[in-house]
Undergrad: 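Sharing a structure, written as C-alpha cells. Questions coming.
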Amino acid sequence: MNMRSEHYIDGRWCESTSRRRMPVFNPADESQLAEVALGDASDVARAVQAVAAAQPAWARSGAAQRARTLRRIADGVSARETELARLQARNNGKPLAEARLDVADVVSCFAYYADLIEGADAGPGRSDAPVPLPDPGFVARMRREPYGVVGLIVPWNFPMVTTAWKVAPALAAGNAVVLKPSEVTPLPELALAEVMHDAGVPRGVFNVVVGTGVDVGAPLVAHALVRKLSFTGSNAVGRQVMQSAAEGVKGVSLELGGKSAVLVFEDADLDQATELVFAGAFMNAGQMCSATSRILVHEAVAAELTRRVVARARALRIGDPLVDGTEMGPLASRAQLERVQQYVAVAADEGLQRLCGGERIGTRGFFMPPTLYADVPSTSRLWREEIFGPVACLRSFASEAEAIALANDSEFGLVSTVITRDAARAARVADAVEAGLVWVNMPQLIFPQTAWGGMKRSSIGRELGPWGLAAFQQIKHVVQPSETTP
Ligand code: NAD
C-alpha cells in the first residue's frame, strides 16, 4: 500500500489547484511523515461537482448493490489491517494495540451497515413501504431518500473510526460524499480512500479533500450543493458549522465534546475499578470525547482507589507507539500538548492538589504522563472544561444522590461508566445520569448496533445503529386515491 498524499477526487489522485502542500508529522519523534496536498475552496468545488454527478446513479443502484460494495470495503480494510493500524499509530501516536482495535471497529461498521440495508429493498426499513391510513379511499407509501451531496468533517483522535461511522451509513443510504479529514491526521483517511477505490466504489461517490478547517472545512460547509453535513470535533467549531449551515438551511449532525464521569461505589471490585477508571481517563492519551475524566469515588474507598490509580499511572509504559507493550503514546500534535500543558498551569494557579504527572516527558515527541488532581471543586476549569489529554480530576462522594448530582453537573452529556456490584443500584444510576451511553462494570466497548452520541452540548443527533442511517435519509410520503393506484 502506497502512502497517499494527494486529494482523492472523482476516482483519481490529484494535486490542489493551487499546488500548495503541507507537512504531516509523527508525534512520537516529530519527524515529517509526509507532505500532503493543501486544498482550498476550488478543490472543494471540484469534489462537490464530482459528487453531484455521481450521486443519482449510486442512489439508483439499489440497496443490495450498495451493501455488496460496503462489504467489499470491510473486506479490504480487514485485509490491510496491519498496514492501516501501523499508519494510524504513526500519524496519530496511539499504541499499535489501540490502533488495531480502531481498524476492527471500521470493519464492523461497514459490515453492519451492509447488513442493515441489505434487506432494505424488501424488509421493514424498505423504501416504498405502504402506510396504513384510516380512510380506505386513500393509499400511502413511504420512501427513504438520500440527501444527495453530503459533507463529512472529522477530527484527529480516532481518524478512521469517526470517518467510518459517517461514510458507511451515508453511502448505505445512497448519498455521495466529500470527506475532510483532520489536517493533523490525513494519512489514515487517504489510505482508506485507496481501499475504497480498490473495492470498486464508483468514481465520484467518495472523495477526500485534505486541508485545514478554514481552507477546506468552511468552504465545504458553505457550498450551495451540499445538503447535509455531519461533523465531529470541538464545540467551538461545531457552533461555526451550525451557523454556516443555517445560512443554507442544511441538515446538520454534530458530535462534539464531553466531560464525562465514572462513578465508583463502595461495593466495587477495586481491581476492576482501577483498570476501568484508568482506561476511561487515559486510553488514547486521554484524547477521547468519551474520556471519563471526572472520577467520582465513594468516600469509603476513595483513598484506596486513588492509591491504586496513582500507582498504575506511575508504572505505565509510555513510549514509541509501534513498540510491543507500549501502553500510552504521545499526544497527537504539538498544539495539543501545549493546550493540555495550559491546563496544568491553570491547575497550579487554582492551587489544585496534583497527585502525579504534569510535566512533559523529554523534549522530542509530544509525551505527557497521566496526570491526576484530587478534590477538584466544581468551580475549577479542570472540572468543567474538556481538556482532551491525559488529565483527570478525582472527587469523593457520600451518597448515591450526591454521585448522580456531581455526574450531571456538566454542560456535556456524552457517556458515563458505573461501577458497582449492586445490580439495582447500577440500573438506577444508569437511568439517572444524563448521557447518551452508559457502561456498567465494563470498558468503553462500542457496538455498531447501539447509538453513539450524547445529551446537552455533546451532540445533535446520533451515529451508529439505525439512527446513524436515518441521519442520512429524508422521508417522503406519496398519498393518492385508492382507485388511481395500479
Ligand atoms: P476541531 O473542532 O478543531 O476540528 C475538527 C475538524 O473540523 C477538523 O477536520 C478541522 O480541520 C475542521 N474545522 C476546523 N475549523 C473549521 C471550520 N471553520 N469549518 C469547518 N471545519 C472546520 O476538533 P479536533 O481538535 O480535531 O478534535 C477534538 C474535538 O473533537 C474534541 O472536542 C472532541 O471531544 C471532539 N470529538 C468528538 C467526538 C464525538 O463523537 N462526540 C469524537 C471525537 C472527537
Side-chain angles (χ1 to χ4, degrees), residues 4-18 36-59 66 69 73 146-156 159-160 162-183 185-197 201-233 237-238 240-241 244-245 247-248 250-255 463 471-472:
R4 292 293 184 179
S5 63
E6 297 159 305
H7 308 298
Y8 180 68
I9 298 175
D10 205 14
R12 283 186 284 269
W13 298 98
C14 54
E15 283 296 337
S16 302
T17 313
S18 69
V36 299
L38 170 54
D40 62 21
S42 65
D43 304 302
V44 170
R46 276 196 290 155
V48 169
Q49 290 300 342
V51 167
Q55 188 270 330
W58 175 246
R66 293 199 295 276
T69 306
I73 297 168
Y147 279 86
V149 182
V150 167
L152 310 175
I153 300 176
V154 296
W156 45 259
M160 284 196 303
T162 44
T163 292
W165 291 6
K166 297 182 191 308
V167 171
L171 296 193
N175 302 282
V177 306
V178 178
L179 168 72
K180 192 211 105 47
S182 166
E183 56 272 43
T185 53
L187 301 179
E189 264 83 7
L190 292 174
L192 186 65
E194 187 165 274
V195 171
M196 296 187 60
H197 184 91
V201 174
R203 53 180 275 212
V205 167
F206 173 76
N207 303 267
V208 184
V209 182
V210 185
T212 66
V214 172
D215 289 324
V216 174
L220 178 58
V221 175
H223 198 292
L225 292 182
V226 173
R227 290 308 322 151
K228 164 87 194 192
L229 291 151
S230 181
F231 170 85
T232 299
V237 176
Q240 290 175 33
V241 167
S244 171
E247 289 295 315
K250 300 173 184 186
V252 185
S253 297
L254 301 177
E255 285 300 336
E463 297 197 305
F472 292 106

Undergrad: I'd like to check L38 versus D215 (side-chain heavy atoms, cut-off strictly below 4.5 Å). Are they in contact?
TA: yes

Undergrad: Enter the distance from F206:CZ to T69:OG1 here, rounded to the nearest 0.5 Å.
TA: 13.5 Å

Undergrad: Go through the structure and list residues passing salt bridge (Lys or Arg N to Asp or Glu O under 4.0 Å) with K166, not counting sequence neighbours.
TA: E463

Undergrad: Under the side-chain contact (heavy atoms from CB on, under 4.5 Å) rule, collect the residues that match up with A164, sequence neighbours excluded.
TA: V106, C109, F110

Undergrad: Using ring-ring contact (aromatic ring centres under 6.0 Å, His included) as the criterion, list what pairs up with Y8, not counting sequence neighbours.
TA: W13, H197

Undergrad: Which heavy atom in T185 sits nearest to a heavy atom in P155, and how many Å separate them?
TA: OG1-O, 4.2 Å

Undergrad: Between the main-chain N or O of G151 and the side-chain N or O of K180, is there a donor-acceptor pair closer than 3.5 Å?
TA: no

Undergrad: Specify the closest pair of heavy atoms between V226 and L220, including all atoms of both residues, with the distance to one decimal.
TA: CG2-O, 3.5 Å

Undergrad: How would you list, by chain and number, every residue that makes a ring-ring contact (aromatic ring centres under 6.0 Å, His included) with W58, sequence neighbours excluded?
TA: none

Undergrad: Of the non-hydrogen atoms in S16 and A37, which two are nearest, and what is the gap between them?
TA: OG-CB, 3.6 Å

Undergrad: List the steps and the verdict of side chain to side chain contact (heavy atoms under 4.5 Å, CB included) for L190 and V210.
TA: CA-CA 9 Å; L190 292 174; V210 185; 3.9 Å; yes

Undergrad: Search all heavy atoms of V149 against all heavy atoms of L225 and return the closest pair with its distance.
TA: CB-O, 3.2 Å

Undergrad: Which pair of non-hydrogen atoms, one from A245 and one from V252, has the smallest distance, and what is that distance?
TA: CB-CG2, 3.4 Å

Undergrad: What I'd like to find out is whether the side chain of V178 reaches to under 4.5 Å of the side chain of H223, using heavy atoms alone.
TA: no

Undergrad: To the nearest 0.5 Å, tell me how far R12 CZ sits from R203 CZ.
TA: 5.0 Å

Undergrad: Please give me the minimum heavy-atom distance between N207 and V51, naming the atom from each residue.
TA: ND2-CG2, 3.1 Å

Undergrad: Of all residues at least two apart in sequence or in a different chain, which pass the side-chain contact (heavy atoms from CB on, under 4.5 Å) check with Q55?
TA: A59, P146, A176

Undergrad: Just jot down the side-chain contact (heavy atoms from CB on, under 4.5 Å) partners of R227, sequence neighbours excluded, or say none.
TA: Y147, K250

Undergrad: Using atom types as modelled and distance alone, determine if a side-chain donor or acceptor of D10 lies under 3.5 Å from a backbone N or O of A50.
TA: no

